[in-house]
Amino acid sequence: MVASDSGERGPPDLVTMALAGSMHIDRPGGIALLPVRPPYHLYRTLGCGQAFRWRIDAAGATGVFRGKPVRLSQTSDGIACEGLADGGALRHLRNYLGLDEPLEAIERVLRRDSVLGRVLPTTSGLALLHQEPWECLISFIISAFNNIPKIELSLHRLGRQFGEQVDEGVWTFPSPEQLAGASLRDLRRCALGYRGPYVRETSRRVACGDVNLQAVGRAEYPAARRLLQTLPGVGEKVADCVLLFAYGKGEAFPVDVWVKRAVERWYFGSRRKTERQIREFAQERFGSLAGYAQQHLFHSIRRRRQGE
DNA sequence: ATTCAGGTGCGAG
DNA sequence: CTCGCACCTGAA
């Protein structure tokens, strides 16, 4: 297997190299600039279904980061960030966005796979985020047997009901304590359906320290996965999403209906496989880059279906 | 009105 | 342990 580097870009220019050494550059008007290396693609990264609370429009992406409303946009110079003042927060944002993920090298390796080689031209530049585990966990509990607009609706209502308002129409994501103290009746208002009790029970188990989300991060992938799966509403797929999108466990390969369909069609001649077979196949084939492979496959088959 | 949607928990074999 | 099934609810 030889990498076909036809789509690869040339070495970064001097400006890019110089900028990459610094965390950010202050611009007039309280706008900070975070340098990025190609092929990083902000809107693919925020819009590919890892996180649900970013709103993307022609002007850029808006959302809440560590309790502050922020607006992000990508230019040829990097990521412009409006709303965060101090360098510490910007460093955290840099980490959150995955700006230092070695995407060029990752995609060079993935491109050796003929399927991904075909897919990458339309998915290149998406990075795995490093989300806050708590919000990510609740988001994917809600995602089960649900659709994206309604997941977004539920998360928005949870913020409005139980979080704190930081701007017009913008709320923080509620803490474990805030959700643990919620009534099922109030949770039901958030259109959670039968997931309401899962959300509250999981919140209780986290709030009381029964499950330590920091300890999950310190554990190896298999143990961390088992730990998360002790929570109600958290099965294999949800656990893998949290491990991948929040904890940076790159070997996680969440198998949802889309990825299952993609792998069956593109790797197994459309023969039916179980979710476990698909996950084990992917982990064997892609190793620590399984999560990246999953994102590209997911993104590709979804836009294909939607005719984007 | 009917159908669909980024799984999970359950009981049965 | 694997398999099949029911499931809240908003939007198309």
Side-chain angles (χ1 to χ4, degrees), chain A residues 44-54 56 119 123 126 128-129 131 135-161 179 182-205 211 222 225-246 252-266 271-282 290-308:
Chain A
R44 278 182 190 166
T45 297
L46 291 179
C48 68
Q50 302 180 68
F52 298 97
R53 298 216 307 150
W54 290 98
I56 297 172
V119 154
T123 63
L126 63 84
L128 289 171
L129 297 171
Q131 300 184 50
E135 178 173 344
C136 189
L137 174 63
I138 296 301
S139 298
F140 281 95
I141 287 176
I142 293 172
S143 79
F145 192 46
N146 211 339
N147 57 61
I148 290 173
K150 191 154 159 282
I151 297 165
E152 291 171 344
L153 173 70
S154 288
L155 291 170
H156 176 74
R157 288 192 183 171
L158 277 180
R160 200 179 53 187
Q161 281 259 329
L179 289 187
S183 69
L184 287 178
R185 178 187 152 82
D186 285 342
L187 285 172
R188 175 141 300 194
R189 289 182 202 280
C190 300
L192 297 179
Y194 62 88
R195 307 169 195 84
Y198 295 159
V199 168
R200 190 171 70 170
E201 188 54 26
T202 288
S203 300
R204 286 181 169 170
R205 305 244 339 248
V211 168
R225 194 166 187 264
R226 281 194 297 274
L227 222 48
L228 285 176
Q229 281 191 250
T230 65
L231 294 166
V234 181
E236 301 190 322
K237 191 270 181 179
V238 169
D240 276 334
C241 285
V242 179
L243 291 169
L244 188 59
F245 304 144
F253 190 88
V255 180
D256 57 55
V257 292
W258 295 100
V259 168
K260 182 169 187 290
R261 212 170 286 162
V263 172
E264 286 171 344
R265 184 181 303 170
W266 294 336
R271 284 189 300 280
R272 301 298 301 275
K273 297 285 166 187
T274 66
E275 290 165 13
R276 160 178 269 177
Q277 285 175 313
I278 287 175
R279 193 178 65 251
E280 288 175 350
F281 162 79
Y292 268 100
Q294 191 268 6
Q295 280 296 282
H296 289 287
L297 292 170
F298 177 79
H299 198 50
S300 175
I301 196 157
R302 288 224 64 184
R303 35 189 301 163
R304 180 177 267 246
R305 168 63 176 274
Q306 293 167 192
E308 284 178 30

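These values consider heavy atoms only, across backbone and side chains, with no hydrogens, waters or symmetry-generated copies. In what follows, every chain begins at residue 1, and chains take the letters A, B, ... in the order their sequences are listed.
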Is there a side-chain contact between [X] and [Y] in this structure, where contact means two heavy atoms from C-beta onward sitting under 4.5 Å apart?
| X | Y | result |
| --- | --- | --- |
| Gln295(A) | Phe245(A) | yes |
| Val255(A) | Phe281(A) | no |
| Ser139(A) | Arg53(A) | no |
| Phe52(A) | Ile142(A) | no |
| Val263(A) | Glu275(A) | no |

Check whether [X] reaches the backbone of [Y] with its side chain - one donor and one acceptor, N or O, closer than 3.5 Å.
| X | Y | answer |
| --- | --- | --- |
| Gln161(A) | Cys190(A) | no |
| Thr230(A) | Leu227(A) | yes |
| Arg303(A) | Thr123(A) | no |
| Arg200(A) | Ala182(A) | yes |

Asp186(A)/Arg189(A) ion pair, N-O < 4.0 Å: yes
Salt bridge flag under 4.0 Å for residues Arg205(A) and Glu201(A): no
Dot-bracket notation for DNA chain B, counting Watson-Crick and G-U pairs under 3.5 Å, with | for partners on another strand: .||||.|||||||
Would you kindly give the [atom1]-to-[atom2] distance between [X] and [N], to the nearest whole Å?
| X | N | atom1 | atom2 | result |
| --- | --- | --- | --- | --- |
| Leu184(A) | dT9(C) | CG | P | 12 Å |
| Arg195(A) | dG7(B) | CZ | P | 10 Å |
| Gln229(A) | dG7(B) | CD | C1' | 12 Å |
| Leu137(A) | dG6(B) | CG | P | 20 Å |
| Tyr198(A) | dA6(C) | OH | P | 15 Å |
| Arg189(A) | dT9(C) | CZ | P | 13 Å |

Between the protein and nucleotides 2-5 of chain B, which nitrogen or oxygen pairs come in under 3.5 angstrom?
unit_1: dA5(B); atom_1: O3'; unit_2: Asn146(A); atom_2: O; d: 3.2
unit_1: dA5(B); atom_1: N3; unit_2: Asn147(A); atom_2: ND2; d: 3.2

Mind checking if [X] touches a base, just sugar-phosphate, or nothing, with heavy atoms under 4.0 Å?
| X | answer |
| --- | --- |
| Gly49(A) | base |
| Phe140(A) | base |
| Leu231(A) | sugar-phosphate |
| Arg188(A) | sugar-phosphate |

Along DNA chain B (nearest heavy atom to each residue), the more 5'-positioned of Val234(A) and Pro254(A): Pro254(A)
Closest-nucleotide ordering on DNA chain B, the 5'-leading residue of Ile151(A) and Gly233(A): Ile151(A)
Quiz item: Tyr194(A) side-chain donor-acceptor pair to dG7(B) base, under 3.5 Å: yes
Phosphate-side-chain proximity, Arg276(A) and dC1(C), N/O vs OP1/OP2 below 4.0 Å: no
Step-by-step side-chain contact (heavy atoms from CB on, under 4.5 Å) determination, Arg272(A) to Lys260(A): CA-CA 9 Å; Arg272(A) 301 298 301 275; Lys260(A) 182 169 187 290; 3.3 Å; yes
Which nucleotide wins on minimum distance to the side chain of [X], given the candidates [options]?
| X | options | answer |
| --- | --- | --- |
| Val257(A) | dG10(C), dG7(B), dT9(C) | dG7(B) |
| Val238(A) | dC8(C), dT8(B), dG6(B) | dT8(B) |
| Thr274(A) | dC8(C), dC3(C), dG7(B) | dC3(C) |

Gap in Å between the two [atom1] atoms, one belonging to [N] and one to [M], rounded:
| N | M | atom1 | value |
| --- | --- | --- | --- |
| dC8(C) | dG11(B) | P | 15 Å |
| dC5(C) | dC4(B) | P | 16 Å |
| dA12(C) | dG6(B) | P | 14 Å |

Criterion side chain to side chain contact (heavy atoms under 4.5 Å, CB included) against Pro254(A), the qualifying member of Leu244(A), Val242(A), Val259(A): Leu244(A)
Please enumerate all protein N or O atoms sitting under 3.5 Å from an N or O of nucleotides 11-13 of chain B, with distances to 0.1 Å.
none

